[in-house]
Amino acid sequence: AGTPYLKVTPSRLKTMTGRRGKDAWTALGGRVYNITPYVAFHPGGGPELLRVAGRDGTRLFGEIHPWVNYEGMLASCMIGMLVEEGEEKK
Ligand code: HEM
């Protein structure tokens with residue numbers, strides 16, 4: 001059996017903003033990452049990184065630094081897959 005990844009809907013993702021004591025999650029390329037531990041280390045600064053918190057960051061990330069290998073960097077932060085509303089129950 002593989003690792004039991006979470007199925008994360010956009011509405012669930014939206015609650016994970018990194019604010020009010022919540023962790024910061026983002027989706028990149030269909031994968032969901034808990035970026036909380038990386039906020040303090042991001043070379044572009046925490047506030048810039050947190051612009052992708054609570055949402056799909058694929059496009060913004062790709063506009064800024066498409067050469068950055070986020071899959072490698074954030075492998076240990078990957079917590080699940082982005083799915084459509086309702087898909088999380090299947
Ligand atoms: C630089 C990772 C999201 C803005 C970098 C660098 C890495 C990185 C590794 C250094 C790249 C290099 O020097 O070639 C990440 C990861 C992200 C993320 C893993 C998402 C999970 C963002 C977002 C923004 C952003 C959302 C802005 C909206 C920047 C900027 C720099 C930078 C401005 C340049 C900093 C400098 O060289 O002074 N990021 N980043 N990043 N990042 Fe990000």
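Order of listing sets the numbers, starting from 1, for every ligand and every atom in it. Below, each value reflects all heavy atoms present in this structure, side chains not excepted, and no hydrogens, waters or symmetry copies.
Panel note: side chain H42, backbone G45; a donor-acceptor pair is recorded below 3.5 Å. A donor-acceptor contact shorter than 3.5 Å is absent between the side chain of E71 and the backbone of N69.
Across all non-hydrogen atoms, the minimal contact from P66 to G62 is CD-O, 3.2 Å. Nearest heavy atom pair, residue V52 against residue T26, reads O-OG1, 2.8 Å.
Taking a 6.0 Å sphere around CD of E85, one finds it holds more than 12 heavy atoms contributed by other residues, nucleotides or ligands.
No side-chain N or O of T9 forms a donor-acceptor pair with one of E87 less than 3.5 Å apart.
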Are there any protein N or O atoms under 3.5 Å from the N or O atoms of ligand 1? List them with distances, or say none.
| residue | atom | partner | partner atom | Å |
| --- | --- | --- | --- | --- |
| ligand 1 | 14 (O) | W67 | NE1 | 2.7 |
| ligand 1 | 39 (N) | H42 | NE2 | 2.9 |
| ligand 1 | 39 (N) | H65 | NE2 | 2.9 |
| ligand 1 | 40 (N) | H42 | NE2 | 2.8 |
| ligand 1 | 40 (N) | H65 | NE2 | 2.8 |
| ligand 1 | 41 (N) | H42 | NE2 | 2.8 |
| ligand 1 | 41 (N) | H65 | NE2 | 2.8 |
| ligand 1 | 42 (N) | H42 | NE2 | 2.9 |
| ligand 1 | 42 (N) | H65 | NE2 | 2.9 |

